[in-house]
Asks: 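Sharing a structure here in structure tokens format.
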Amino acid sequence: MARLPILVAPDPRLKLKAQPVEKVDAPLRRLMDDMLETMYAAPGIGLAAPQVGVSKRVLVIDIAKEGEAKAPLRMANPELLWVSDEDAVYEEGCLSVPEQYADVTRPARIRLRFLDHENEIRELEADGLLATVIQHELDHLEGILFIDHLSSLKRNMILRKLSKSRKSLVGA
Ligand code: NI
């Protein structure tokens, strides 16, 4: 397994719509495992392939808390089948928008279909944090970041902070 570099906004590759995969084969399983290693190391609870510069509809998630057994989810071609009318608000962050957090409103419960790491079709119902993380990662496959759900005022404030912190990194 290998750790992959994570792209940071406003990298234009984060705005691309990702392409479906044909099937989950050995190279794609390796990508999923590399993404998991990258996510755990960050640390984060979700990562989509576009965040590591791969424009494919692939994502990994693990919302297990520290000290709990790992519970990785590996998904290809995930598709929402249903979302609840009821919404939930979570404070979200993103490995591609480092150290910035904001409340985002999304449907509270969802049902989705995806290909797992063995190329089997699976369906999953999710609520709570998992429903939010899945929707956050699905957004990445459409080139949408959580800050795109905020007012342009808030979004621009965050983007300005990001470009400032990057400049200070280069200067260090
Ligand atoms: Ni993200």
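This is a predicted model, so every value here is computed, not measured. One-based numbering, in listed order, for ligands and for the atoms of each.
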Asks: What do the steps show when you test Lys70 against Asp62 for salt bridge (Lys or Arg N to Asp or Glu O under 4.0 Å), and what is the final call?
Replies: CA-CA 7 Å; Lys70 282 188 166 54; Asp62 191 340; over 6 Å; no
Asks: Testing the basics here: between Leu59 and Met35, what is the closest heavy-atom pair and its distance to 0.1 Å?
Replies: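 Residues Leu59 and Met35, closest heavy atoms: CA-CE, 3.9 Å.
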Asks: Work out which heavy atom in Ile110 is nearest to a heavy atom in Ala131; give both atom names and the distance.
Replies: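 Result for this residue pair: CD1-O, 4.0 Å.
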Asks: Minimum heavy-atom separation for Gln100 and Phe146, please, with both atom names.
Replies: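 Shortest heavy-atom separation between Gln100 and Phe146 comes out as O-CZ, 3.6 Å.
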Asks: The Ni ion (ligand 1): which protein N, O or S atoms are under 2.8 Å away?
Replies: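 Per the 2.8 Å query on the Ni ion (ligand 1), atoms found are Cys94 SG, His136 NE2, His140 NE2.
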Asks: Can you see which heavy atom on Ser84 is nearest to which on Ala108, and at what distance?
Replies: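 The pair with the smallest heavy-atom distance is OG-N, 3.2 Å.
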Asks: Can you list every pair that meets side-chain hydrogen bond (donor to acceptor under 3.5 Å, both in side chains) and has a residue in residues 1-12, with sequence neighbours left out?
Replies: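 Qualifying pairs: Asp11-Arg13.
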